[in-house]
Amino acid sequence: MAQNPQPPVAKLIPHAITQHGETRIDNYDWMREKTSPDLIAYLEAENAYLEAALAHTRPLQEQLYQEMRARIQEDDSSVPERRGEFLYYTRYVPGREYPLYCRRRGPEAAEEVLLDQNELAEGREFCKIGVYAPSPDQRLLAYSVDFAGDEEYTLCVKDLASGQLLAGQVPRTYYGVAWASDNRTIFYTVLDAAKRPYKLFRHTVGDDAAGDVLVYHEPDEAYFAEVKRTRSGAYVLLELRSNSTAEVRYLPADQPESELRVIRPRQSGVEYTVEHQGQRFLIVTNEDAQNFRLMELPVDGDPEGWRELLPNRADVFLTGVDAFRDHLVLYEREDALRRIRVWPNGGERYDIAFPEPVYTVSPTANPEYATATLRIAYSSLVTPASVVDYGMDDRSWQVRKQEAIPSGYDASRYVCERLTARAADGAEVPISLVYRRGLARDGANPTLLYGYGSYGITIEPSFASKRVSLLDRGFIYAIAHIRGGAERGRAWYEDGKLLRKRNTFTDFIAAAEHLVAQGYTAPAKLSLQGRSAGGLLAGAVVNMRPDLFAAAIADVPFVDVVTTMSDASLPLTVTEYDEWGNPGDPEFYAYMRSYSPYDNVEAKAYPHILLTSGLNDPRVLYVEPSKMAAKLRALKTSDTLVLLKTNMSFGHFGSSGRFDHLREDALQYAFLIDALGAPYEPLGDA
């Protein structure tokens with residue numbers, strides 16, 4: 001890998017931080033001043049250095065970009081989704097970054113373009129739609145838009161007959177709105193200074209938002225407030241949720257000015273979600289049930305009168321339920337795979353059968369309540385995403401659409417596997433991997449191992465067309481399903497958080513060692529990648545075992561754990577205590593200090609490392625990867641690259657355009673290909 005350009009050198013301004021009798025010196029704390037000219041100059045110098053250091057890969061980046069773009073159907077459209085008398089869908093125009101949001105009254109009816117995101121984005125570097133919610137009578141459209149990538153959305157209402165925006169736009173809103181049945185009342189949440197949705201307001205369409213009515217204020221900084229309407233249309237739900245506790249309040253959608261009632265008051269450590277069907281609420285809860293159980297409560301019943309419908313099971317994790325008029329749909333996880341079970345009213349439960357042994361499946365919005373068709377999204381590491389309509393009565397499986405790959409794709413050329421690595425404490429860690437057929441297990445294969453391992457979030461073995469560019473250059477792509485996720489049930493998550501967080505990192509290392517031991521790859525050919533909390537994983541792992549990897553990508557990484565979690569004024573800090581712990585407690589401080597990537601950078605050899613950040617990121621502040629890059633470069637003893645790419649106009653999720661995002665992917669893939677000595681050109685047929 002070329003290293004001729006000289007990297008920028010961050011100035012050192014020692015800043016002492018004393019906690020629990022220990023003083024840490026942070027030489028780069030000055031980077032917190034977001035508006036400082038020195039900071040902006042430094043970040044721009046880092047971006048320039050990255051461009052210079054990877055200049056020799058520019059033809060490769062362009063080739064990768066063109067390959068990825070050629071796999072995208074440029075004139076694509078989604079499968080229409082019925083809402084009442086209309087079919088709603090999105091459609092792309094060739095060459096444009098963003099979709100058109102459309103509808104028609106029937107398959108042959110004239111198209112109505114409700115929203116053209118390309119017009120909204122005109123002259124802007126970023127444009128993301130948050131809310132997209134037609135009113136119950138389909139005459140109005142509530143939508144929200146973010147132009148900065150900071151996840152603060154402006155809520156608008158459009159008259160679909162005239163095409164005019166109505167007065168009363170609302171700034172600083174968050175994801176989620178709920179229409180009342182009167183088609184003139186909207187409920188929405190707004191953000192506090194720490195980017196927490198904390199207040200629920202009631203808005204009358206066309207009125208000045210300054211006069212909106214405050215319905216609920218959540219004062220506890222550990223809780224998010226989110227609003228939605230039940231699929232039945234009968235109720236508006238306000239979900240109040242921390243990382244370990246929940247409370248749900250509701251009001252009838254046809255009585256928007258009524259008082260919120262509580263399903264059950266919050267109880268520390270008890271989580272629950274609510275759906276509505278007929279005369280009952282359906283409740284999925286972990287109360288006395290580590291893997292969750294299903295309960296019901298009469299609509300007008302005593303909040304304490306929950307009745308069990310489905311008990312806790314040691315080997316099956318109940319992750320959620322969807323309620324339709326005549327069916328319940330249960331979402332479960334068993335043997336590290338998603339399962340879907342259908343429960344007809346008055347009938348027997350049954351499992352939906354899936355065509356591959358390793359796959360992922362998830363429900364789509366399914367906005368209709370009185371339907372016997374469940375729409376799901378299905379894919380695997382080798383099978384492009386499919387939209388499937390499943391008949392819940394006749395058990396039919398109709399593929400409505402499979403992702404098209406215009407440049408060509410033959411799934412038979414690739415193989416997916418599920419392996420199991422054994423962690424030091426005996427835990428069995430699943431690994432999903434995909435590679436080109438005919439691969440030799442000779443230790444010479446470039447490999448990218450991906451991981452996350454936080455919040456009980458599972459990284460699914462799903463298809464990504466961009467990934468084919470790696471596979472066709474001989475890469476193995478693998479996912480380590482480590483503790484901190486929920487692949488093996490709720491206990492799998494709980495065994496990778498708080499004072500057991502290090503299991504996340506050692507599981508990942510065990511997965512990497514297993515791939516090496518089984519001849520799939522070797523340390524000189526092995527790379528890793530993690531994003532956000534997965535960036536914490538990447539940072540911790542390269543500190544613990546830098547010898548095991550040749551390259552690492554840490555995207556928008558949460559790496560300054562102790563300092564960030566000690567500052568309650570920052571976005572998300574207080575809400576995250578349930579996940580990481582509060583460093584105000586000496587025990588948690590010492591434990592977090594033992595793995596926090598930024599605090600554990602040492603003078604030793606490190607692999608090639610690429611860090612990314614977004615200047616407007618509200619989830620992981622740009623300062624964390626910026627400081628990490630500076631400290632790594634100052635202390636590492638190896639002749640390896642440390643690169644920092646800061647997106648100066650965007651936030652946590654990078655570019656908003658469908659093609660612009662591919663530029664970022666192409667740069668990362670070129671970095672890996674170059675660092676691992678993989679072929680620049682795709683391999684011939686196996």
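These numbers were taken from a predicted model, which means no experiment stands behind them.
With no hydrogens or angles considered, no side-chain donor-acceptor pair links T154 and Q169 at under 3.5 Å. Between the side chains of E221 and Y223, no donor-acceptor pair is found at a separation under 3.5 Å. A donor-acceptor pair shorter than 3.5 Å cannot be found between the side chains of N366 and E81. With hydrogens and angles left out, the side-chain atoms of R531 and Y450 include no donor and acceptor closer than 3.5 Å. Side-chain N/O atoms of T458 and H481 include no donor and acceptor closer than 3.5 Å. In this model, no donor atom of one side chain and acceptor atom of the other lie less than 3.5 Å apart for Y101 and D116. Between the side chains of N243 and E576, at least one donor N or O sits under 3.5 Å from an acceptor N or O. Judged purely by distance below 3.5 Å, without hydrogens or angles, the side chains of T245 and R266 never pair a donor atom with an acceptor atom.
For E403 and R71, the salt-bridge test fails: no basic side-chain N is under 4.0 Å from an acidic carboxylate O. Using a 4.0 Å cut-off between charged side-chain N and carboxylate O, E271 and R241 make no salt bridge. Checked for salt-bridge contact, R313 and E332 meet the test: a charged N lies under 4.0 Å from a carboxylate O. For R139 and D137, the salt-bridge test passes: some basic side-chain N is under 4.0 Å from an acidic carboxylate O. Using a cutoff of 4.0 Å between basic side-chain nitrogens and carboxylate oxygens, E308 and R293 are scored as salt-bridged. Note on R231 versus D322: salt bridge recorded, some NZ/NE/NH1/NH2 to OD/OE distance being below 4.0 Å. Note on E97 versus R658: no salt bridge recorded, every NZ/NE/NH1/NH2 to OD/OE distance being 4.0 Å or above. D351 and R341 are joined by a salt bridge, as a carboxylate oxygen and a charged side-chain nitrogen come within less than 4.0 angstrom of each other. The pair E152-K195 meets the salt-bridge criterion, since a charged nitrogen lies less than 4.0 angstrom from a carboxylate oxygen. One finds no salt bridge joining D150 and R172 here, because no Lys/Arg side-chain nitrogen approaches an Asp/Glu carboxylate oxygen to under 4.0 Å. Ion pairing between a basic and an acidic side chain is recognised when a charged N comes within 4.0 Å of a carboxylate O; E487 and R338 show no such pairing. Salt bridge annotation for R202-E259: absent, with no cationic side-chain nitrogen under 4.0 angstrom from a carboxylate oxygen.
The aromatic rings of Y198 and H217 lie perpendicular to each other, with more than 60° between the two planes, well past the 30° mark. Classified by interplanar angle (parallel below 30°, tilted 30° to 60°, perpendicular above 60°), the ring pair Y390/Y350 is tilted.
Rounding to the nearest 0.5 angstrom, the gap separating the CD atom in E239 from the OG1 atom in T273 is 7.5 Å. Between atom OG of residue S144 and atom NZ of residue K128 there is a gap of 10.0 Å, rounded to the nearest 0.5 Å. Separating the CG atom in L337 from the CZ atom in R488 is a distance of 10.5 Å, to the nearest 0.5 Å. Distance check, rounded to the nearest 0.5 Å: OG1 of T285 to CE of M295 gives 7.5 Å. Taking CZ of R196 as the start and OG1 of T189 as the end, the distance is 11.0 Å to the nearest 0.5 Å. In this structure, OG in S244 is found 10.0 Å from CD in E494, a value given to the nearest 0.5 Å.
Outside the 6.0 Å centre-distance limit, the rings of F187 and F201 are not counted as a close aromatic pair. F324 has its ring centre no less than 6.0 Å from the ring centre of W343. In this structure, the ring of F463 has its center less than 6.0 angstrom from the ring center of Y409. Between Y174 and Y153, a ring centre-to-centre spacing not shorter than 6.0 Å is recorded. Taking the six-membered ring where the residue is Trp, the centroids of Y235 and Y250 are separated by under 6.0 Å.
The closest side-chain heavy-atom distance from V236 to V227 is below 4.5 Å. Between T360 and F354, the closest side-chain pair of non-hydrogen atoms is not below 4.5 Å. Residues Y143 and L115 have side chains in contact (heavy-atom distance under 4.5 Å, counting atoms from C-beta outward). Residues C127 and Q117 are in side-chain contact: their nearest non-hydrogen atoms beyond the backbone lie under 4.5 Å apart. For the pair F224 and T575, the minimum side-chain heavy-atom distance is below 4.5 Å. A heavy-atom distance below 4.5 Å is found between the side chains of Y378 and P355. In this structure, V434 and E417 have side chains that are not in contact, with every pair of non-hydrogen atoms separated by 4.5 Å or more. Between L251 and L237, the closest side-chain pair of non-hydrogen atoms is not below 4.5 Å.
In terms of heavy atoms, N345 sits closest to L328 at OD1-N, 4.5 Å. In this structure, V284 and V321 approach most closely via the heavy-atom pair CG2-CG1, 3.6 Å. When all heavy atoms are compared, the tightest approach of V382 to E356 is CG2-OE2, 3.7 Å. Pairing each heavy atom of L165 with each of C156, the nearest pair is CD2-CB, 4.2 Å. P303 and I263 get closest at one heavy-atom pair: CB-O, 3.1 Å.
When each of R83, R82, Q138 is tested with Y88 by the rule side chain to side chain donor-acceptor pair (under 3.5 Å), just one qualifies, namely Q138.
With hydrogens and angles disregarded, no donor-acceptor distance shorter than 3.5 Å links the side chain of K497 to the backbone of G456. Of the possible donor and acceptor atoms, none in the side chain of H327 sits under 3.5 Å from a partner among the backbone N and O of V329. A donor-acceptor pair under 3.5 Å is formed between the side chain of R229 and the backbone N or O of G233. With hydrogens and angles ignored, the 3.5 Å screen pairs a side-chain donor or acceptor of N286 with a backbone N or O of G269. In this structure a side-chain-to-backbone donor-acceptor pair under 3.5 Å is present from N291 to R490. At distances below 3.5 Å, not a single donor-acceptor pair connects side-chain atoms of D254 with backbone N or O atoms of S181. Without hydrogens or angle criteria, W492 side chain to G484 main chain gives no donor-acceptor distance under 3.5 Å. Put simply, the side chain of W179 gets close to the backbone of A133: a donor and an acceptor are under 3.5 Å apart. In this structure, T371 contributes its side chain and E368 its backbone to no donor-acceptor pair below 3.5 Å. At least one donor-acceptor pair under 3.5 Å links the side chain of D146 to the backbone N or O of E151.
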- Task: Show the numbers, then the answer: is there a side chain to side chain contact (heavy atoms under 4.5 Å, CB included) between H203 and T185?
- Result: CA-CA 6 Å; H203 174 72; T185 304; over 6 Å; no
- Message: For D75 and R96: C-alpha separation, side-chain torsions, deciding distance, then whether salt bridge (Lys or Arg N to Asp or Glu O under 4.0 Å) applies.
- Response: CA-CA 9 Å; D75 58 351; R96 305 304 298 273; over 6 Å; no
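More than 12 non-hydrogen atoms from other residues, nucleotides or ligands lie less than 6.0 angstrom from CD of E85. The number of heavy atoms from other shown groups lying within 6.0 Å of CD (E257) does not exceed 12.
Seen from the ring of Y477, R467 counts as a face-on cation partner, given the 6.0 Å and 45° thresholds. Both tests hold for R264 against W306: distance to the six-membered ring centre under 6.0 Å, angle to the ring axis within 45°.
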